[in-house]
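Read the structure below first, then the notes.
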Amino acid sequence: MTVALSPNAHPYDHDDSSNSVSRLFAETMVFTRRNLEHIRQIPEKLLDVTVQPLMFVLLFAFVFGGAIDVQGGNYREYLIGGILIQSLSFGMMGPATAIATDLNEGVIDRFRSLPVSRSAYLLGHYLAEIAGMVLSIIVLLGAGLIVGWRTHTDIFHIGEAILLLLVFASAMIWVGTIIGILVRSPDAVMGVGFVIVFPLTFLSSAFVPIGTMPNVLQWFASCNPVTVFVAAVRELFGNPLTPVTKHVWPLDHPVLAAWLYSVAILAITVPVALRRYRIRTTD
Amino acid sequence: MVAHGLGKRFGDLWALRDLDLDVAPGTVLGLLGHNGAGKTTAIRILTTLSEPTTGTASVAGLDVVGQAAAVRRRIGVASQQATVDGLMSARLNLEMVGRLHRLGKGEARRRADELLERLDLTDAGSRLVKTFSGGMRRRLDLAACLVSAPEVLFLDEPTTGLDPRSRNDLWEMLRSLVRDGTTVILTTQYLEEADRLADDIVVLDHGVSVAHGTPTELKAQIGNDRLDVKVVHADQLPMAADVLRGYSSKAPSFDEDLLTVSIALNDGTRLIDVVRTLDDAGVDAVDMNRREATLDDVFLTLTAPKRGSEFAQSVVDESTTSTESVSV
């Protein structure tokens with residue numbers, strides 16, 4: 001206990017003038033590594049972005065799929081766009097749980113008492129989560145190829161589809177970040193997440209053609225942004241689209257509308273998340 | 001480290017009011033008080049985790065509000081709750097803190113190893129922190145504070161929950177840090193701990209500083225050689241107190257529930273003399289206990305002298321009344 005410490009090479013002698021963007025990047029990478037280390041310690045954390053979507057693919061491709069009629073198209077090709085958007089939507093639970101857990105533990109005080117930008121902490125969560133989402137997309141597209149999903153467009157449209165999925169995933173991560181900051185305990189995340197994500201993903205065209213629903217639900221599903229994202233992905237991959245029964249502008253222009261929705265969600269959630277985090281960690 | 005008129009209000013409640021502090025570099029300040037006395041609030045303000053409602057404070061010449069980031073670079077903070085990440089190894093925890101303190105990769109790793117050794121955690125360095133015992137967690141937490149070789153170290157009840165050996169080790173380590181020039185501000189509920197470590201003690205009660213001085217001064221003020229006398233009935237408390245005043249230059253304090261009078265004895269008082277005098281006066285004392293002063297005495301003496309005398313007065317009134325009723 002009495003071993004002398006080496007003379008302090010004081011870490012701050014030189015860097016007050018150093019670039020704050022590179023500082024933010026370096027700090028963000030430290031937090032990202034921390035979150036990836038958590039996944040390494042508890043690999044089960046990845047189940048919900050890998051095995052769970054796979055189960056949905058199997059369930060809908062082989063159990064329910066036979067009973068669902070997609071006029072003039074292959075249901076398995078129809079399905080993949082829906083499951084991609086559904087899985088990425090459920091992905092908001094990941095950052096929400098992680099952040100709610102941190103906020104309930106002492107470690108957040110450690111971070112706060114260090115000379116570190118507060119946004120680095122949230123960005124670190126974002127990068128770790130987006131890595132999980134990328135894994136989820138790869139797993140789902142791979143599973144899709146195995147069960148018979150194919151693309152029927154050129155490389156640019158496929159590229160745009162994947163870019164759109166990544167931007168949508170980012171938007172969901174930031175929504176999850178806000179949920180994580182607002183809930184009082186990590187247990188609450190599950191409830192809040194299901195109440196939002198379940199109705200939005202199932203009352204959409206993700207799994208069944210909207211035309212089969214009762215009139216009121218057709219309106220809901222047609223205005224539901226999830227339907228727009230699903231339609232955009234299907235259009236970009238060249239997968240079957242079922243007829244639009246209620247004409248609302250976003251659903252008639254799904255790709256453009258999906259980009260607009262993504263930008264709007266990000267433009268709102270990122271600043272709100274940073275602000276709420278600041279408020280939550282100030283007393 | 002200097003603070004002027006520091007106060008913090010939560011809703012209607014003032015957790016801390018008008019706290020003035022002045023701590024010289026390389027010394028130890030002990031903030032002494034019960035739960036809810038405002039110790040943690042004071043620490044949180046001084047470590048930039050909480051903004052004061054009133055007053056100002058500066059650490060190493062830097063304002064804790066206006067120059068919070070610069071303050072954070074110069075301090076180490078060990079909260080009451082160990083602030084380490086349970087899902088990482090001890091070594092990775094320290095490396096992470098080092099990296100966030102802007103050490104290079106190699107430097108952060110070297111520093112982590114050095115601190116693990118210093119805090120006897122080398123063998124547990126690659127274990128997950130969630131498997132650690134409370135004492136190990138505390139030590140790791142302290143190591144995390146020391147990563148940046150801070151000028152000022154804040155410790156909130158550092159020995160709470162530690163076994164006696166770990167506590168002695170921690171005290172020894174704090175002394176060696178202070179010898180090397182670190183300024184330490186610690187909170188504690190134990191007078192003994194403040195006595196052993198602190199150069200200066202501030203006693204907090206309900207958010208207010210009620211006493212300030214060196215351990216010797218404080219103990220002189222309350223009297224370190226205490227005697228508790230327990231009587232059979234509350235009627236006897238004033239009588240016992242009268243007798244005890246003869247052996248003390250300080251006012252007695254009362255505990256109504258325990259039927260006990262407590263007083264600081266003058267130097268050289270013989271217990272047998274006190275027993276005889278009590279007996280002669282007809283006090284039915286069922287128990288006596290001579291001991292060193294505790295935090296309770298500090299509070300009873302410094303924070304509640306008024307309550308004590310009011311109580312004594314009410315007891316006197318009661319006994320007078322009952323005597324009268326008998327004579328009538």
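A, B, ... follow the sequence lines: proteins, then strands. Residue 1 opens every chain.
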Using non-hydrogen atoms only, which part of [X] is less than 4.5 Å away from chain A: side chain, backbone, both, or neither?
| X | answer |
| --- | --- |
| B:Leu92 | side chain |
| B:Ala68 | neither |
| B:Val77 | both |
| B:Asn93 | neither |

Atom [atom1] of residue position [X] - does it have more than 12 heavy atoms of other residues, nucleotides or ligands inside 6.0 Å?
| X | atom1 | result |
| --- | --- | --- |
| A:Phe25 | CZ | no |
| A:Arg276 | CZ | no |
| A:Arg275 | CZ | no |
| A:Arg280 | CZ | yes |
| A:Arg118 | CZ | yes |

Side chain to side chain donor-acceptor pair (under 3.5 Å) contacts in which one or both residues fall within residues 169-191 of chain A, not counting sequence neighbours: A:Tyr126-A:Ser170

Selection from B:Arg175, B:Glu95, B:Gln81 maximising heavy-atom pairs under 4.5 Å formed with chain A: B:Gln81

Approximate separation, where rounding is to 0.5 Å, of B:Met96 CE and A:Phe111 CZ: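 B:Met96 CE to A:Phe111 CZ: 4.0 Å, rounded to 0.5 Å.
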
Sorted by number, residues from residues 47-56 of chain B in contact with chain A (heavy atoms, under 4.5 Å): B:Leu49, B:Ser50, B:Glu51

Shortest non-hydrogen contact between A:Pro115 and B:Ala69, atoms and distance: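 Distance-wise, the nearest heavy atoms are CB-O, 3.9 Å.
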
Nearest heavy-atom neighbours spanning A:Arg23 and B:Leu100: NH2-O, 4.1 Å

Donor-acceptor under 3.5 Å (B:Arg99 side chain, A:Phe31 main chain): no

Those residues of residues 33-42 of chain A, ordered by number, that approach chain B below 4.5 Å (heavy atom to heavy atom): A:Arg33, A:Arg34, A:Glu37, A:His38, A:Gln41, A:Ile42

Interface residues of residues 86-105 of chain A facing chain B - heavy atom cut-off under 4.5 Å: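 Listed by number: A:Asn104, A:Glu105.
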
Check ion pair B:Asp85-A:Arg110 (N to O, under 4.0 angstrom):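 A:Arg110 and B:Asp85: not salt-bridged.
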
